[in-house]
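Here's the structure, in C-alpha cells; my notes come after.
Letters go in sequence order (proteins before strands), and every chain restarts at 1.
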Protein chains: 2
Amino acid sequence: MQEAVQNILKKNQLSITGSRVRILELFLEQQGALAHGDIERRTGEKFDRVTVYRTLQVFLNKGIIHSIPTSDNSVLYALCKDDCGEGHHHDNHVHFVCDKCGNTLCLEDVTVPAIRLPKGYKFSQIQVIVNGRCKDCNRD
Amino acid sequence: MQEAVQNILKKNQLSITGSRVRILELFLEQQGALAHGDIERRTGEKFDRVTVYRTLQVFLNKGIIHSIPTSDNSVLYALCKDDCGEGHHHDNHVHFVCDKCGNTLCLEDVTVPAIRLPKGYKFSQIQVIVNGRCKDCNRD
DNA sequence: ACACAGATGCAACTTTGTTGCAAAATAATT
DNA sequence: AATTATTTTGCAACAAAGTTGCATCTGTGT
Ligand SMILES: [Mn+2]
Ligand SMILES: [Mn+2]
Ligand SMILES: [Zn+2]
Ligand SMILES: [Zn+2]
C-alpha cells in the first residue's frame, strides 16, 4: 500500500507529502467514489480544506483520479484505473449510484455504448450515470 | 405563450404568481437548459433568490422541469416535454453539452440505450450526458 | 368584499469553493 | 549533512451558492 502510493506519486512527478499520501490511501482503501466532504471527514480534518481542494485538483490534472457527475449534483472522485495521464482521461466506463446505500461505483467492465447523435453534432465525451440498487443492497 | 404558461400552472394546481409565470416563460422561450444563475440574470433580479430556488423546487416536484447533471457540476434545469407528473419523471433522452457555446440541450429524439449491468445490479434510472460541439458551433 | 392558504421577501445563517501570502516542508545541490 | 531552491501548506479573508424561520403580502374560493 505505502509502496503503491509512493509509486503513483513518483510516476506523476509529485512530491511526497502528508496530504497526498493520506488522500491517495483513502482512494486505494475504498472501492467506491469519494466526495470532497468524505475526504475531509475520513482524514479527521487533519488537513486544511484548501489543501484537500488543491490536492484533488492536482490529482485530477495528472489523471490520477477522475470526477463523476451525479444527479444530485455533488462532485465525486474516483481513481483512474485505466492509464490516464496529464490531460488525457479515457475512463470509458459506466458509473453506478446506489439509491439505497448511496455508494457510487465505477463499473470498469461496463463500457459506455455508442450514441447516435443528430446530424451536425460531434461528441468528445460521453458520460453514463446509472441509478439503482447495487449488488450488496439487492440481496434482501 | 401567456396561454401555455397559465395552462401548465393550472394543470398542476399551482397558483398563478409573478415569479412562476416569468420563470416558465423563460423556459418556453429558450430551447436549452437554464441554470439558477441564468434565471436570476434574465429576470433582472426582480425576484428574490430564495423565491427562484423555491419556484424551481416546486416545478421539479410537479414534473414541470427536470434537472440535468453536468460534468462541471452545475445544476441545470429544462422543461419536461414528455408527460411527467408529480414524482414521476420519465425523461428518457440524452443531454448534450456544447463545449464551445456552453449550451445544454435536451436531445428529445435520442433515447438512452440499454445498459447491460453486472449480475446483482438493478437500475432505476439512466442518465447520458454527451459533451461535444453542437450543430450551430460546428458549421465553421 | 372577505377569509384563508399559500407564496414571497427579508434577514440571518450554513456550506462550499476561491485567492493571496507568509510559513513550513520537500527536493535538489553542494 | 548542511544549504539552497522549489513546492506545498495553512491561515485569513472573501465570494458564491444554498437553506431556514418568520412576518407580510397575494391569489383563490366563498
Ligand atoms: Mn469511474
Ligand atoms: Mn432533458
Ligand atoms: Zn448499495
Ligand atoms: Zn454550441
Side-chain angles (χ1 to χ4, degrees), chain A residues 2 5-26 33-62 64-65 67-77 86 102 104, chain B residues 2-3 5-27 33-62 64-65 67-77 86 102 104:
Chain A
Q2 301 286 30
V5 168
Q6 305 240 341
N7 283 343
I8 294 174
L9 291 176
K10 278 177 191 159
K11 189 165 69 187
N12 288 281
Q13 305 168 71
L14 294 174
S15 42
I16 296 167
T17 69
S19 67
R20 286 175 183 170
V21 169
R22 187 74 197 90
I23 293 175
L24 255 186
E25 279 175 1
L26 283 182
L34 293 171
H36 174 96
D38 297 328
I39 293 168
E40 279 203 85
R41 257 169 273 123
R42 301 213 194 177
T43 52
E45 278 121 32
K46 193 180 161 195
F47 305 105
D48 193 90
R49 203 156 38 93
V50 180
T51 302
V52 176
Y53 279 117
R54 291 198 271 224
T55 303
L56 289 172
Q57 197 54 55
V58 167
F59 286 178
L60 214 51
N61 290 338
K62 289 289 187 176
I64 298 173
I65 59 176
S67 70
I68 305 170
T70 62
S71 27
D72 74 324
N73 277 92
S74 55
V75 196
L76 295 179
Y77 303 93
E86 192 131 10
T104 297
Chain B
Q2 301 286 27
E3 198 80 11
V5 167
Q6 306 240 341
N7 283 343
I8 293 175
L9 290 176
K10 277 177 190 157
K11 190 166 65 184
N12 288 281
Q13 305 168 73
L14 294 174
S15 43
I16 295 168
T17 68
S19 65
R20 286 176 183 170
V21 169
R22 188 72 198 90
I23 293 175
L24 255 186
E25 279 175 1
L26 282 183
F27 278 112
L34 293 171
H36 173 97
D38 297 329
I39 293 168
E40 280 202 84
R41 256 170 273 122
R42 301 211 194 177
T43 51
E45 278 121 34
K46 193 180 161 195
F47 306 104
D48 194 89
R49 203 155 38 92
V50 180
T51 302
V52 176
Y53 279 116
R54 291 198 269 225
T55 303
L56 290 172
Q57 197 53 55
V58 168
F59 287 179
L60 215 49
N61 289 338
K62 289 288 188 179
I64 299 172
I65 59 176
S67 69
I68 304 170
T70 62
S71 26
D72 73 325
N73 277 91
S74 55
V75 196
L76 295 178
Y77 303 92
E86 193 132 8
T104 296

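The distance from atom CZ of A:R22 to atom C1' of D:dG10 is 19 Å, rounded to the nearest whole Å. Taking atom CD of B:E45 as the reference point, atom C1' of D:dA16 lies 14 Å away to the nearest angstrom. Across the protein-nucleic acid pair, A:K46 atom NZ and D:dT9 atom C1' stand 13 Å apart, rounded to whole Å. Residue B:H36 contributes atom NE2, which lies 13 Å from atom P of D:dA16 at whole-angstrom precision. Between the CG atom of B:L56 and the P atom of D:dA17 there is a distance of 14 Å, given to the nearest Å. The CG atom of A:L9 sits 16 Å away from the P atom of D:dT7 (whole-angstrom rounding). One can place CD of A:E40 at 11 Å from P of D:dG10, the figure rounded to the nearest angstrom.
Side-chain contact between B:L24 and B:I64: present, with at least one pair of heavy atoms (C-beta onward) separated by less than 4.5 Å. Contact check for B:L60 versus B:Q57: side-chain heavy atoms found under the 4.5 Å cut-off. In this structure, A:V52 and A:H36 have side chains that are in contact, with non-hydrogen atoms separated by less than 4.5 Å.
Bending across the helix from C:dA1-D:dT30 to C:dT30-D:dA1, expressed as the angle between its end axes from five pairs apiece, amounts to 30° (10° rounding).
In terms of heavy atoms, A:D38 sits closest to A:A33 at OD2-O, 4.4 Å. In terms of heavy atoms, B:S67 sits closest to A:S71 at OG-O, 4.2 Å. Among all heavy-atom pairs drawn from B:F27 and B:Y77, the shortest one is CE2-O, 3.3 Å. B:P69 and A:T70 make their closest contact through CB-O, 3.2 Å (heavy atoms, listed as atom of the first residue, atom of the second, distance).
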Tell me which donor-acceptor pairs under 3.5 Å the side chains of residues 14-22 of chain B have, and how far apart each pair is, sequence neighbours excluded?
unit_1, atom_1, unit_2, atom_2, d
B:S15, OG, B:R20, NH1, 3.2
B:R20, NH1, B:S15, O, 3.1
B:R22, NH1, B:E25, OE1, 2.9

Give me, pair by pair, the N or O atoms of the protein and of nucleotides 21-30 of chain D that are less than 3.5 Å apart, along with how far apart they are.
unit_1, atom_1, unit_2, atom_2, d
D:dT28, OP1, B:I16, N, 3.0

Q: Carefully, step by step, assess A:I23 and A:F59 under the rule side chain to side chain contact (heavy atoms under 4.5 Å, CB included).
A: CA-CA 10 Å; A:I23 293 175; A:F59 286 178; 4.1 Å; yes
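By the side-chain contact (heavy atoms from CB on, under 4.5 Å) test, B:R42 is found to be paired with B:L26, B:Q30, B:L34, residues two or more places apart in sequence or in another chain being considered. Every residue two or more places apart in sequence or in another chain was checked for a side chain to side chain donor-acceptor pair (under 3.5 Å) with A:Q6, and none qualifies.
Across the interface with DNA chain C, nearest-nucleotide mapping of B:Q13 and B:R49 shows B:Q13 to be the residue nearer the 5′ end.
Put simply, A:R20 has a side-chain N or O that comes within less than 4.0 Å of OP1 or OP2 on D:dT8.
For DNA chain C, the span of nucleotides reached by chain B at under 4.0 Å from its heavy atoms goes, 5' to 3', from C:dA7 to C:dA11.
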